[in-house]
*Asks:* 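Following this message is one structure expressed as structure tokens.
Small disclaimer: the values here were computed from a predicted structure and weren't measured. One-based numbering along the sequence shown.
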Amino acid sequence: MPPNIRPGGGRRDPVTDTRKPHNTKNTIKRLLTYIGKYKGRLVFAFICVILSTASNLGASYMLKPIVDNLVKTDISAAERIASLASSLALMAAVYLVGVAANYLQQRTMIHISQNSLYAIRSDLFTKMQRLPIRFFDTNSTGEVMSRYTNDVDAIGEILNTTAIQIFSGILTLIGTLAIMLYTNAALTCVTVIMTPLMALVGGTISKKSSKFFRKQQSDLGSVNGYVEETVTGQNVVKVFCHEEKVVSEFSELNEELRKSQVRAQFVGGIMGPCMNAMNQVNYTLTAMAGSLFCLATGMFNLSVGGLTVFVNYSRQFSRPINELSQQATVIMSALAGAERVFEVMDAPNEYDGNEGDIVLDKVVGNVAVENITFGYNPDKVILKDVSFYAHPGQKIALVGSTGAGKTTIMNLITRFYDVDKGRITVDGIPIRDIKKDSLRGNIAMVLQDTHLFSGTVMENIRYGRLDATDEEVIAAAKTASAHSFIKHLPQGYNTVLNGDGANLSQGQRQLLNIARAALSKAQILILDEATSSVDTRTEQQINKGMDALMENRTTFVIAHRLSTIRNSDAIMVLEHGEIIERGTHSELLALKGRYYELYMGIKELD
């Protein structure tokens, strides 16, 4: 039906497959809007970072007087010990301040990040409820779910630690440079000589890795989507003995993911070794030059304690550069995930630009389809100039070969899709002018593919009308002939259903869906192969209840079992998107046309 179905069984994800340039700057700004709601806590967290960084830098500088006192020859041993004890006590106090500040910063950032992730997930889920059916027809469940799992988790990592580590690294870099200049400006020049090279290498690797991390996230979504589809359709895979085929297709997707992960992780992983190697070279140069400066005491005024502290700071100076470079891999992965999440949030809204403003008060049930033409893709027309009408209380049946356009018509009546030409009216009002919620609130549907939510049987039936009483739910179940089997469930109507009602038979699941529609007060009823999943005996029971259900309702029925539509007020026969025959059951049989062929074919099978 809709486009983008992949021959292997999965679906192409237009969001994932996009090749448009990504706007990293806007993505960062978008993320900042979520954490920006906690400005006060952010300020507190950054103050804690400043205290933690200052305490670490200050405690390290306290080594200078300690070492200088130890090498002095003009003071006694007792004076050295006393000085050492007081210095160590002060150093311990400074470090304790740093530990406390770090603890408070961690607690604060966890609160900020988790609340931000909560808001992102909520916004994403809310947005998905406003997306058109076309989005879900062209994106597999696994690919959509990857936005909530892999991509949001990647965002969580950057919000939890990376942002603070970047700020801390910058502060450490600035503070270390200031202290190094204060200690010995000449030796500082030796130390920073490697900085431009380190920044160049880090920037080059970071730029290269961003492309690979986006590809990695894309391939991960494809693998998740394929796994989800295969697990869901495992019975189909086994009955057709396609185990080897799906393994082969999964291997191709898995191999593509492996390659992209190897590229991303390799390019991201070489950041650390490259930076460490340059760091060691820088450390060695600093130590050698510092030793010479100590020997030339009159020229550079560098003591042994000063050299000890300076060498320590030279390592600290390289460390934040190294850490910032290594964070690039995490940042690229998070930004790639954030872009995928925001692309969904920015997808066209179902209600943007084509929402009507009329709210239906009391629907009578007159439905008219007038000269509609439609195609899911512009280059392939599904329906061609189709027209028919239904008066209140009438039962209109649509029959025809698979792919003739029967379900497509129902999708247009509910405005899951909009017609390309022509119009559809309800009680004389074009549905384009009606608010979608108001239109759909007056339509009840029973689809061929059943779907039950996690919850009790009572709750699943009540989904048809949330304000219904228990008595009304039970009455609806009786109408749909579901009451008898529900009574024999372990907890009756309070039996909990999981896994889309996996503990029920297909027919029982369909009966619950029919009961859900029976509970609705909608004046228009759509039955799309509603009895296709039940046996003949159950079908007979349902038909009795369906007569009561359809009374005074305008009903559209799509059925392959033509015996179920013999009492329809009108039957439309579709072929290749056109109505080729219309009339009652007896009238169409008398024509001995396409309907006669379809009906007699079924009679022969019976």
*Asks:* Give a yes or no on this: more than 12 heavy atoms of other residues, nucleotides or ligands lie within 6.0 Å of atom CD of Glu244.
*Replies:*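 Open: at most 12 neighbouring heavy atoms sit under 6.0 Å from CD of Glu244.
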
*Asks:* What pairs with Glu578 under salt bridge (Lys or Arg N to Asp or Glu O under 4.0 Å), at least two apart in sequence or on another chain?
*Replies:*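 Residues passing salt bridge (Lys or Arg N to Asp or Glu O under 4.0 Å) with Glu578: none at all.
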
*Asks:* Taking salt bridge (Lys or Arg N to Asp or Glu O under 4.0 Å) as the test, write out the residues that go with Asp385, two or more places apart.
*Replies:*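 For Asp385, no residue satisfies salt bridge (Lys or Arg N to Asp or Glu O under 4.0 Å) once neighbours in sequence are set aside.
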
*Asks:* For this output row, return yes or no: ring centroids of His585 and Tyr596 closer than 6.0 angstrom.
*Replies:*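 His585 vs Tyr596: aromatic centres not under 6.0 Å.
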
*Asks:* Are Tyr595 and Leu589 side-chain neighbours, meaning at least one heavy-atom pair lies under 4.5 Å?
*Replies:*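 Yes, their side chains come closer than 4.5 Å.
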
*Asks:* Partners of Thr414 by side chain to side chain contact (heavy atoms under 4.5 Å, CB included), sequence neighbours excluded?
*Replies:*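 Testing Thr414 for side chain to side chain contact (heavy atoms under 4.5 Å, CB included), a comparison that skips the adjacent residues, returns Phe416, Ile443, Met445, Ile526.
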
*Asks:* Got a sec, which residues hit salt bridge (Lys or Arg N to Asp or Glu O under 4.0 Å) with Arg130, two or more places apart in sequence or on another chain?
*Replies:*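 Arg130 satisfies salt bridge (Lys or Arg N to Asp or Glu O under 4.0 Å) with no residue once adjacent residues are dropped.
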
*Asks:* Using 30° and 60° as the class boundaries, would you call the ring planes of Tyr34 and Phe342 parallel, tilted or perpendicular?
*Replies:*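 Ring orientation, 0 to 90° scale: parallel.
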
*Asks:* Do the non-hydrogen side-chain atoms of Met572 and Val386 ever get within less than 4.5 Å of each other?
*Replies:*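 Heavy-atom side-chain distance check fails, nothing below 4.5 Å.
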
*Asks:* May I ask you to test the Ile461-Leu512 pair for a side-chain heavy-atom distance under 4.5 Å?
*Replies:*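 Ile461 vs Leu512: side chains touch.
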
*Asks:* Kindly determine whether Thr584 and Arg566 satisfy side chain to side chain donor-acceptor pair (under 3.5 Å), including the steps that lead there.
*Replies:* CA-CA 8 Å; Thr584 63; Arg566 282 179 293 190; over 6 Å; no

*Asks:* Is any side-chain heavy atom of Val363 closer than 4.5 Å to one of Leu360?
*Replies:* yes

*Asks:* What's the shortest heavy-atom distance between Met128 and Val344, and which atoms?
*Replies:*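 Shortest heavy-atom separation between Met128 and Val344 comes out as CE-CG1, 3.9 Å.
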
*Asks:* Could I get the full list of salt bridge (Lys or Arg N to Asp or Glu O under 4.0 Å) partners for Arg509, not counting sequence neighbours?
*Replies:*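 For Arg509, no residue satisfies salt bridge (Lys or Arg N to Asp or Glu O under 4.0 Å) once neighbours in sequence are set aside.
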
*Asks:* Only counting residues at least two apart or in another chain, list the ones meeting side chain to side chain contact (heavy atoms under 4.5 Å, CB included) with Asn366.
*Replies:*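 Side chain to side chain contact (heavy atoms under 4.5 Å, CB included) list for Asn366, sorted by chain: Val364, His391, Pro392, Asp427.
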
